[in-house]
Number of protein chains: 2
Amino acid sequence: MRKKEKITIHDIALEVGVTASTVSRALNNHPRISATTKKMVLDAAKAINYKPNRIAAALRHGKSKLIGIIVPTINRNFFSSIVRGIEEHANALDYKVMISQSYDDYKKEVATIEALLDARVDGIMVSLGKNTHNFNHFESVLQKGIPLVFFDRTTDKLNVNQVIINDYLSAYQATNHLIEQGYRHIAHFTSHMKIRIYQERLRGYEQALLDNGINFDPRLVVESNMQLDGGQKSTHRLLDNNLGFDAIFSASDYAIVGALQELKRINVKIPQEVGLVGFSNEPFTAFTEPTLSTVDQKAIDMGQSAAALFFEMVNADQRNKPKVKKVLDANLIIRASSKRLQ
Amino acid sequence: MRKKEKITIHDIALEVGVTASTVSRALNNHPRISATTKKMVLDAAKAINYKPNRIAAALRHGKSKLIGIIVPTINRNFFSSIVRGIEEHANALDYKVMISQSYDDYKKEVATIEALLDARVDGIMVSLGKNTHNFNHFESVLQKGIPLVFFDRTTDKLNVNQVIINDYLSAYQATNHLIEQGYRHIAHFTSHMKIRIYQERLRGYEQALLDNGINFDPRLVVESNMQLDGGQKSTHRLLDNNLGFDAIFSASDYAIVGALQELKRINVKIPQEVGLVGFSNEPFTAFTEPTLSTVDQKAIDMGQSAAALFFEMVNADQRNKPKVKKVLDANLIIRASSKRLQ
DNA sequence: TATATTAGCGCAATCGATTGCATTTGCTGG
DNA sequence: CCAGCAAATGCAATCGATTGCGCTAATATA
């Protein structure tokens, strides 16, 4: 049980009777090293339990094999699943992942970018915070030529690779589904209009109404923080203004639960009197009474796509490569809260 | 918009007219460097936008300023909050955090330990996976003298620092609360008996019964995977065996939701006919109908404590320091599902 | 047989920051 | 005025792996 005598390639070199250069090349399967030597080196390495020092290697060729991820909060099934997708892809290629949370705080997001740059990550994947309306902190990433990929919460103000779902289409389908179920006065819960996903979901909602000959009533669109309490308040706003809605399509699952609670409190029957559809397929949407219809965003797919984009950037000639916007299709999950036919 | 001409301390040295040694010392606020020189160096560093290369520094003094965290899954409010607590403490001390998920897979846990060791982290914090009953993979961590802290899902088979909540007491209080509310035939949902937290929660449950003169009936203790479906199945087992229970204390929030659903399906009134208490205070416990009583584990506190323990280890003389077991108190949150008095 | 190749490996510099030891400069006291 | 000491800085090695270039010996070609 002796201490930690660091084992380096020099120890292997001594053991085998060659130099460290040869050991290094052997370990990296360099073509100019004979098979015999390679085997000896590999055997010796195993024998003395050699572990490469990634830090030294990183210093030498400037690659840390680290990918930084920034999400608003990992405490969402959606985001943690994306991370899982990224991890799967990255680990398979011997990259490690560093996860950071911005907590939707602009300053923290800026600081986190700095921190990742300090840590010399080889690439950064970001889902923007809600309060990020300025993108200067990404300029330095771009200028350094570090691969940058945005996912889900992205912006068009920056020319970067991104992976998103078809928010427009998903919202369209969700709204359309409500219309098919006979609802006609459909409200929409949304958030900051500066954020792309909310813009798109609103657009899909409007178009579905239009295509079905239903008048768009701006008073039925309510903006909130998209949390539980936001959903409650938005519901009250609708009720207080006596707008006579018979359904809600919410851009967030949390907000739709708030609505569900408030409506049940005043004995509104779901889905008979009011239909509900959320967004994100958070696990709890399957736990409520009634269960909630929602949109599944294929988070793991999104993570894998984002990682794939990153590795394309790593391997490709960065220079004049045009940026890609990968759009994934989401899945409308129909549960009890919006099914009143049959 | 030119490329990335790496800026090093040598550039500063050139600018200021000293050597790199002096620059390094100035940046690190070494006492042997004059205030004048320090100021010049700092100014020059800012002027040419110098960013220290942590990798080079890491190579030199063998510290990466990285902490590795392993949790079964980040996709639990409890774990992500712990991570948040660790992050807060660590970032304040200029340490970065690497999060990895074991997905309760023993092999993945072993591989992750290897990966973190490869990445030369300065310390590792772990919450064990459900299927980890062998701890050899931690021996190498210990032998290398790398600080190791366990939290929540720990084991006593390893002599390491740990942070846990008082599972025994929390379970005792939860059970006692149910008894106070007049329930007498209290079932308990649990999981693998090899896991400390479940042992302790069972123990607390038993003791509360004992102290209140209620007979312990082993048939009322049901083991499952502690997921939603596990809770459903466990409930059915109780019902099918006609055991006449009037309350359930579950060691998991997911399982108690499963019970809630199944009981509501057959029109059992909660809390009038059956009282329910879960464990973990997952967000959705506030969303169900009725809302669920549960135990809040003060996850952020736990994370901060774990980080604090880590930094103690970093600063202290590791050698003969006895290992610490920090026990935090949890909070019973009483909601509608267990409140039938008044 | 003499020269041209090529395979196989070693030498030494390098990545950027750190640090023990040496050196220079400046000041104090005798 | 000079030894003596402290303050401030420089020199050069070091952390471990990588890699361009060069060297040697063996094989191939003429």
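When reading the values below, keep in mind they use all heavy atoms of this one structure, side chains included, and skip hydrogens, waters and symmetry mates.
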Quiz: residues 119-127 of chain B side-chain donor-acceptor pairs under 3.5 angstrom, not counting sequence neighbours:
residue	atom	partner	partner atom	Å
B/R120	NH1	A/P52	O	3.1
B/D122	OD1	B/S64	N	3.0
B/D122	OD1	B/S64	OG	3.3
B/D122	OD2	B/S64	N	3.2
B/D122	OD2	B/K65	N	2.7
B/S127	OG	B/F151	O	2.9
B/S127	OG	B/R153	N	3.3

Could you check B/S34 against A/N53 and say which one's nearest nucleotide on DNA chain D is further toward the 5' end?
B/S34
5' to 3' on DNA chain C, which nucleotides open and close the contacts with chain B (atom under 4.0 Å from a heavy atom)?
C/dG16 to C/dC21
Any idea which heavy atoms bring B/G129 and B/D104 closest together, and the distance?
CA-OD1, 3.3 Å
Please give me every residue in residues 18-33 of chain A whose heavy atoms get under 4.0 Å of an atom in DNA chain C, ordered by residue number.
A/V18, A/T19, A/S21, A/T22, A/R25, A/R32, A/I33
Do B/E15 and B/Y50 have a side chain donor and acceptor closer than 3.5 Å?
no
Might you point out which heavy atoms bring B/V314 and B/P147 nearest each other, and give the distance in Å?
CG2-CG, 4.3 Å
Which atoms form the tightest heavy-atom contact between A/Y106 and A/N131, and what is the distance?
CB-O, 3.9 Å
Close aromatic pair by centroid cut-off 6.0 Å: A/H89 and A/F311:
yes
Can you check the B/R60 CZ to D/dA12 C1' distance for me, whole Å?
11 Å
On the six-membered ring of A/Y103, is B/R84 placed so that its NZ or CZ lies under 6.0 angstrom from the centre and within 45° of the ring axis?
yes
Quick one: closest heavy-atom pair of A/V163 and A/L328, and the distance?
CG1-CD1, 4.0 Å
